[in-house]
Each structure stands twice: as C-alpha cells, then as structure tokens.
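Atoms within a ligand are numbered from 1 in the order they appear, just like the ligands themselves. Computed from a prediction, not measured in an experiment: that's the story for all the values here.
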Amino acid sequence: MSADFGSELDGQVAIVTGASSGIGSATAESLASRGASVVLAARREDELEELADRIEDTDGEALVIPTDITDDDDIDSLVEATLDEYDRIDILVNNAGVMPLAHIAQADRETLQTTIDVNLSGLITLTHAVVPTMIEQESGHIVNLSSVVGRFLQANSSHYNAAKAGVKMFGDSLRLDVAENGIHVATIEPGAVDTELLDHIPDEEIQEGVKEHVGSMDALAPEDIARTITFVVTQPERVDINEVLIRPLDQVQP
Ligand code: NDP
C-alpha cells in the first residue's frame, strides 16, 4: 500500500467569505490553485471580480456572489447560487471579519453589534445554511477564522475578543454534532497578519497603537494563513485538524 500524503482539491467546491481582501482573497487563490472551484463572497463586488479574473487567468474556476454576511437573505442566496452552479459544497471558509477596536465606554452600540454580527452571528448563520448539504454528502470541511485574541486578552477589544472566543467555542461544539457525518471543523487563530483589517479601526489613537505594535514585528502575510487553511483541508479523510494557533515568530504579546 502506498503512503497517503493528502489530497488535491479537484472537483471540490469551496465557499470563502471575506474574499475581497487579505486572508480570504489569498485563501481563495490557494484553494483554486489546488483544483477547487471557489465561490467568492464579500460586499465589494469589484474586488471579487478582479480576484475571479486572476484565478481564471491561471485556469482556475471562480464564481462571484456579492454577499453581506449580516443579511440572512444574502446568506441564503449565496448557498442557493453555489448549489445551482456546482451542486455541492465541500469546503466553507468562514473568514469575513471586522475589528473595530474601541474602549467599551467609547464604543457606540452599532460598533459592538456589527462586531458580533459579522464575526460570529454571520458565521453561525452561514454554517447553518451549509451544513445540511454537507450532511447529505457525508463529507465537508468548515474552517472558522478566530484569532489569537480568541484565546488571549487584549485591551480595547472586549467585543472583538468575545466574538472570536465565541467562534472557537462554536466550532468545537459544532464538531461534536457533525463529526459523525464526515464533517471536519477547524478553528484558525492567527496572530498579526499584514492586511487592511487595522485600517478600519475607528479610534485613531487605538489604530496608531495597534499599527505600531504590529509594525514592531515581522507580521505574517495573508498567504501564510492561506497555506495553513489549504493544509487543513487537504489531509486524508480520517484527519481532523481542530485548531491552529499561528503567530509571527517574533510575536510574543498577546
Ligand atoms: P481584511 O479587512 O483584509 O478582510 C476582511 C474581509 O471581511 C473583507 O473581505 C471584507 O469584505 C469582509 N467583510 C467585512 N464585513 C463583511 C460583511 N458584512 N459581509 C461580508 N464580508 C464582510 O482582514 P483580514 O484578511 O485580516 O481578516 C480576515 C479574518 O481574519 C477576519 O475574520 C479577522 O478577524 C481574522 N484575523 C485577522 C488577523 C490579522 O492580523 N489580520 C488576526 C487574526 C484574525 P467587504 O468589505 O468587501 O465586505
């Protein structure tokens, strides 16, 4: 018998949320380069179309579905359009996220709500919409983007930390329910990754402080996380990588 060193993704279908930039964009490219048809979901359609062009230029297959992950109708349309086009869903990368850091006393309610809606509620709702298809197929991978701060404390981040810790607990508990259906669940916990995530921190002082902290280290590239996610979903069927904490070598805080 020959050794089993994992699989390619030919014939598989992957939905990647937050595919318009950063980690999601790199992950979609990586999965497509291994043979998956990738469904690109986020709000910015132009960025998704550019990514689809890049993927198709290298003989990959991509479908653009503009999606606001906080909108239940968009979530249903995303799943329906995927099934209409490909008739299956093998991989769901729940990557869409926002990080509007703020001190709780200075944050407005909309900021708090959006943080939970995008990072946690949207992820749970989309998973809920996809799982029946995976159960029917008796296989699947759900990869959820948590964060190093889902495990460790960070100032001015109580709402974001809560959302990311929720992602981790959701994934671990989900696994109990769906492992018997052949569905793999993984939580990815990146440290500092060089993306546009920090640019959207509304409080200038906090944004500057975080950028200084991240700038003091050799931050990860989105491709580093994309490679990790691709590794997670190309293991032999019996392997279920549950959790990956991945930080720049020189990140020791948090
Ligand atoms: P980016 O800001 O580059 O990407 C965030 C993505 O989320 C964008 O594609 C954005 O697309 C999408 N998004 C935001 N709001 C919505 C929404 N309402 N509906 C659909 N999509 C939405 O950041 P990263 O690539 O860094 O972030 C990806 C994930 O990684 C996030 O979950 C983040 O929390 C996590 N992470 C990042 C770390 C880092 O250091 N960068 C560290 C740890 C975790 P659009 O605006 O077009 O909708």
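Those atoms of ligand 1 that come under 4.0 Å of a heavy atom in Pro190, given as number and element, are 42 (C), 43 (C), 44 (C). Near Asp68, the atoms of ligand 1 lying under 4.0 angstrom from a non-hydrogen atom of the residue are 17 (C), 18 (N), 19 (N). Per-residue contacts place Glu196 under 4.0 angstrom from the following atoms of ligand 1 (heavy atoms of the residue considered): 1 (P), 2 (O), 3 (O). For ligand 1, the atoms lying closer than 4.0 Å to a non-hydrogen atom of Gly97 are 5 (C), 7 (O), 14 (C), 31 (C), 32 (O).
Taking each of Ile23, Thr67, Asp74, Thr17 in turn, the one with a heavy atom nearest to atom 30 (O) of ligand 1 proves to be Ile23. When Thr195, Leu126, Leu78 are ranked by how near their heavy atoms come to atom 24 (P) of ligand 1, first place goes to Thr195.
A salt bridge links Asp224 to Arg227: one of the charged nitrogens lies within less than 4.0 Å of a carboxylate oxygen.
The side chain of Lys164, and not its backbone, has at least one atom closer than 4.0 Å to an atom of ligand 1 (non-hydrogen atoms only; side chain from C-beta on). At a heavy-atom distance under 4.0 Å, no atom of Ser25 approaches ligand 1. If you look at Ser21 next to ligand 1, the close heavy atoms, those under 4.0 Å, come from the backbone and the side chain alike.
Shortest contact from atom 46 (O) of ligand 1 to any protein heavy atom: Arg43 NH2, 3.0 Å.
Taking any N or O of Thr70, backbone or side chain, none lies under 3.5 Å from an N or O belonging to ligand 1. Where the criterion is an N or O separation shorter than 3.5 Å, residue side chain and backbone included, Gly24 fails it with respect to ligand 1.
Residue-ligand proximity: Ala192 is placed with a non-hydrogen atom under 4.0 Å from ligand 1.
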